[in-house]
K.L.:
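Before I ask anything, let me first share the structure, which is written out below as structure tokens.
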Amino acid sequence: MPKIKPALNLRMLKRVLLLLLIIVSRAIPVTAQDQKPEADLKAAFIYNFTKYIEWTNPPPENFVIGVIGTSPIYQSLMEIALLKKVNEKFIVIKRFENPEDISYCNILFVAKNSGYSPAAILDRVQRGTLTISEETGFAAQGMAFNFIISNQKLKFEVNPKAINSAGLKASSQLLKLATIIN
Amino acid sequence: MQVFTSVIVLFLCFTAFVLYHIKDYRARKANSMISLAQVLGTNSISAIQFQDNEAGKNILADLRTVTPEVLNAAILDANNKVFATYSRAEVYNIDFTKNFVKGQQTKFVDKNLLVYKPINNNDEMVGTICLRVELSELNTIIKTQYTIAFILLIIGVALAFVLALIMQRYISTRLLSLVKFMNHVGATDNYKTHFVNDGGNDEISVLSTVFNKLLDQITESQQRKDEFIGIASHELKTPLTSIKAYLQVLEKREHDERNKVYVQKSLENAKKLENLVYDLLDVSKIQSGQLVLNMAEIDIDVLIDETITAFQIISKQHEIIRNDTLSGIIVTADKQRIEQVLVNLLSNAIKYSPDTNRVIVSTSKTDKDVTIRVQDFGIGIANEEQDKVFNRFYRIKEKSGHISGFGLGLYICNDIINRHHGTIRIESEPGNTIFSVSLPLTTKKVNETEAAVYE
């Protein structure tokens with residue numbers, strides 16, 4: 001029994017933090033208020049992707065998700081990072097201003113309007129990093145995943161070649177839900 | 001009774017059998033549907049996670065071909081909101097969230113099975129798979145089971161019936177043969193036989209053994225009785241003969257009229273007593289086979305007339321009428337015994353018709369025999385008693401209470417006539433009783449004499 005207590009406390013602490021975060025986020029006027037649900041959804045999708053990817057080089061300490069460009073998704077990911085883990089590893093969110101900044105990360109999310117071409121980013125990305133973007137046509141340009149809106153619903157494209165060249169494997173469960181781009 | 005028991009037992013068995021089958025079927029169905037839901041759930045985890053309703057719908061759509069018995073299906077997300085639905089053709093949609101009971105996986109509603117299977121992914125509840133399954137097979141199964149049970153029941157009952165019938169026939173045949181034998185013994189008074197046991201080892205055999213023992217006991221007691229009658233009649237006869245002889249002497253020597261009447265009365269009663277003792281002696285002789293006939297050729301007509309004349313002297317009230325004559329009819333018989341028979345019949349006729357005053361004796365003749373009939377107009381003998389009057393010590397019921405006798409007369413008569421190869425018959429109704437005695441005419445003189453002696 002005493003062993004469980006700290007775990008409970010940790011969870012409660014996380015919840016309190018999340019609650020504070022939500023209160024703070026509500027308090028601060030967000031410019032893209034209506035973008036919030038979409039950002040949350042995308043963040044959730046990104047988190048869910050981790051479950052269907054076979055990480056050939058497991059992260060040594062923390063599971064790192066990098067975000068390049070400015071996006072509300074960063075905040076949404078932060079919220080998830082507080083509550084969830086990937087393969088028993090804590091999730092750490094990093095922000096990169098430009099491709100030169102890109103360091104070790106397991107997932108690299110390229111925010112819309114980041115202003116960098118996929119080629120420029122992929123050039124800097126290490127092997128073993130799953131790239132995700134949200135710009136039409138980016139999957140065809142070498143991004144592993146790319147969010148699209150189809151029939152007012154969030155969908156995603158997959159570029160299996162990009163996944164393979166990153167040395168990763170995607171589950172068929174995931175692939176069947178995606179639009180495959182070659 | 002056996003059949004009824006069988007029916008009840010079979011019925012209970014089959015009911016249990018059918019109920020068990022239904023329960024088993026339901027359990028199996030529930031299990032297989034839970035497994036199906038599990039598979040569907042696992043398949044739809046990614047669809048729920050990526051909120052792909054289309055994918056969820058497609059997963060459920062496979063049910064159409066895989067398990068057509070699923071009427072409705074739905075995927076609920078973690079918040080129990082409907083994520084994807086499926087309905088078989090021509091089946092209305094249902095709202096699974098209404099019947100949802102947390103924790104319960106299966107539920108039987110209106111011959112349908114409801115399945116709620118939570119979808120878990122790494123200990124996280126992702127959603128719920130809901131199924132409504134048609135138990136159409138249940139009706140078929142119930143119908144088939146009932147039909148089979150019914151047919152088996154019929155066969156079982158029929159078998160039980162046949163077996164019972166065979167058993168009963170086997171038992172009753174043996175019982176009936178025993179009963180037949182008992183009746184035969186009762187009718188013929190022949191207690192010296194034994195029932196032949198069929199070698200069985202059951203209650204019927206015990207019954208026959210006991211009956212045989214009983215027969216032995218009856219035979220023994222009859223023998224003792226016969227011995228007693230024999231000894232008693234002999235012992236009574238000697239002093240009685242002496243008394244009678246002295247009374248006869250006294251009668252001759254007595255001149256005082258009053259005393260003479262007394263002596264005559266005594267003599268008369270001594271003679272009655274002597275007759276009874278002679279009857280007993282005769283019975284004893286018949287029983288021990290010592291009754292020997294002294295056969296001689298006699299004129300039956302003369303015998304009848306003589307007997308009537310002699311008897312008329314004793315009978316004061318009744319007139320004995322001989323309404324025909326026969327001439328030259330010769331039979332081979334024991335004259336004394338035939339006379340005894342006639343006297344017996346006449347005496348009975350008078351005894352049992354106290355309120356009338358005549359007895360008619362008639363005769364007739366055929367090529368083979370001569371028949372003598374003694375007819376009275378008295379109380380008569382009931383039909384059911386007519387066969388028994390020739391039995392030893394048999395006396396007509398109720399009416400004979402005030403009439404004296406041992407009930408041996410007709411028994412002796414019957415025996416005497418039988419030894420003469422004749423017959424004695426009775427026809428009777430109230431107010432008219434006829435005893436007829438038929439004796440064969442002399443044809444096989446020698447044979448009959450011998451037969452009579454040896455019998």
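None of the values given here were measured: they were computed from a predicted structure. In the text below, chain A, chain B and the rest are named by the order of the sequence lines, each starting its count at 1.
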K.L.:
Quick one: closest heavy-atom pair of A:L177 and B:A47, and the distance?
P.N.:
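That closest heavy-atom pairing would be CD1-N, 3.6 Å.
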K.L.:
Check this for me: A:R95, atom CZ, are more than 12 non-hydrogen atoms of other residues, nucleotides or ligands nearer than 6.0 Å?
P.N.:
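Enclosed: over 12 neighbouring heavy atoms sit under 6.0 Å from CZ of A:R95.
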K.L.:
Highest number of heavy-atom pairs under 4.5 Å with chain B: which of A:Q173, A:K51, A:K155?
P.N.:
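Looking at each of A:Q173, A:K51, A:K155 in turn, A:Q173 comes out on top.
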K.L.:
Assess the residue pair B:Q51 and A:K153 against the criterion (side chain to side chain contact (heavy atoms under 4.5 Å, CB included)); give the C-alpha distance rounded to whole Å, side-chain angles, the decisive distance to 0.1 Å, and a yes or no.
P.N.:
CA-CA 9 Å; B:Q51 301 192 357; A:K153 289 191 83 177; 5.6 Å; no
K.L.:
B:F50 vs A:Y52 aromatic rings, parallel, tilted or perpendicular, using cut-offs 30° and 60°?
P.N.:
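Tilted, since the angle between the ring planes falls between 30° and 60°.
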K.L.:
Counting only heavy atoms not in A:E100, do more than 12 sit closer than 6.0 Å to its CD atom?
P.N.:
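Enclosed.
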K.L.:
Kindly compute the distance separating CG (B:N53) from CG (A:N151), expressed to the nearest 0.5 Å.
P.N.:
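Reported to 0.5 Å precision, the distance equals 11.0 Å.
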K.L.:
Without swapping roles, check the side chain of B:S46 against the backbone of A:L174 for a donor-acceptor pair under 3.5 Å.
P.N.:
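Pair absent, no side-chain N/O of B:S46 close to backbone of A:L174.
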K.L.:
Tell me whether A:K85 at atom NZ has more than 12 heavy atoms from other residues, nucleotides or ligands lying less than 6.0 Å away.
P.N.:
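Count over threshold, so yes.
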K.L.:
Quick check on A:Y104: does its OH atom have over 12 non-hydrogen neighbours (other residues, nucleotides or ligands) under 6.0 Å away?
P.N.:
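Enclosed.
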K.L.:
Checking B:I59 against chain A: side chain, backbone, both or neither under 4.5 Å from a heavy atom?
P.N.:
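For B:I59, side-chain heavy atoms alone lie under 4.5 Å from chain A.
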K.L.:
Should the heavy atoms of other residues, nucleotides or ligands under 6.0 Å from CZ of B:F161 be counted, would the total exceed 12?
P.N.:
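No, because the 6.0 Å sphere around CZ of B:F161 holds 12 heavy atoms or fewer from other groups.
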K.L.:
Please look at A:F49 and chain B and tell me whether the side chain, the backbone, both or neither of the residue comes under 4.5 angstrom of a heavy atom of that chain.
P.N.:
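Both parts, backbone and side chain.
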K.L.:
At a 4.5 Å cut-off on heavy atoms, which part of B:N43 comes close to chain A: side chain, backbone, both, or neither?
P.N.:
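Both parts, backbone and side chain.
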K.L.:
If you draw a 6.0 Å radius around CD in A:E97, do more than 12 non-hydrogen atoms from other residues or ligands fall strictly inside?
P.N.:
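For A:E97, atom CD is not crowded (no more than 12 foreign heavy atoms under 6.0 Å).
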K.L.:
Checking side chain to side chain contact (heavy atoms under 4.5 Å, CB included) for the pair A:K176/B:N58: CA distance, chi angles, key distance, verdict?
P.N.:
CA-CA 11 Å; A:K176 75 176 182 187; B:N58 287 338; over 6 Å; no
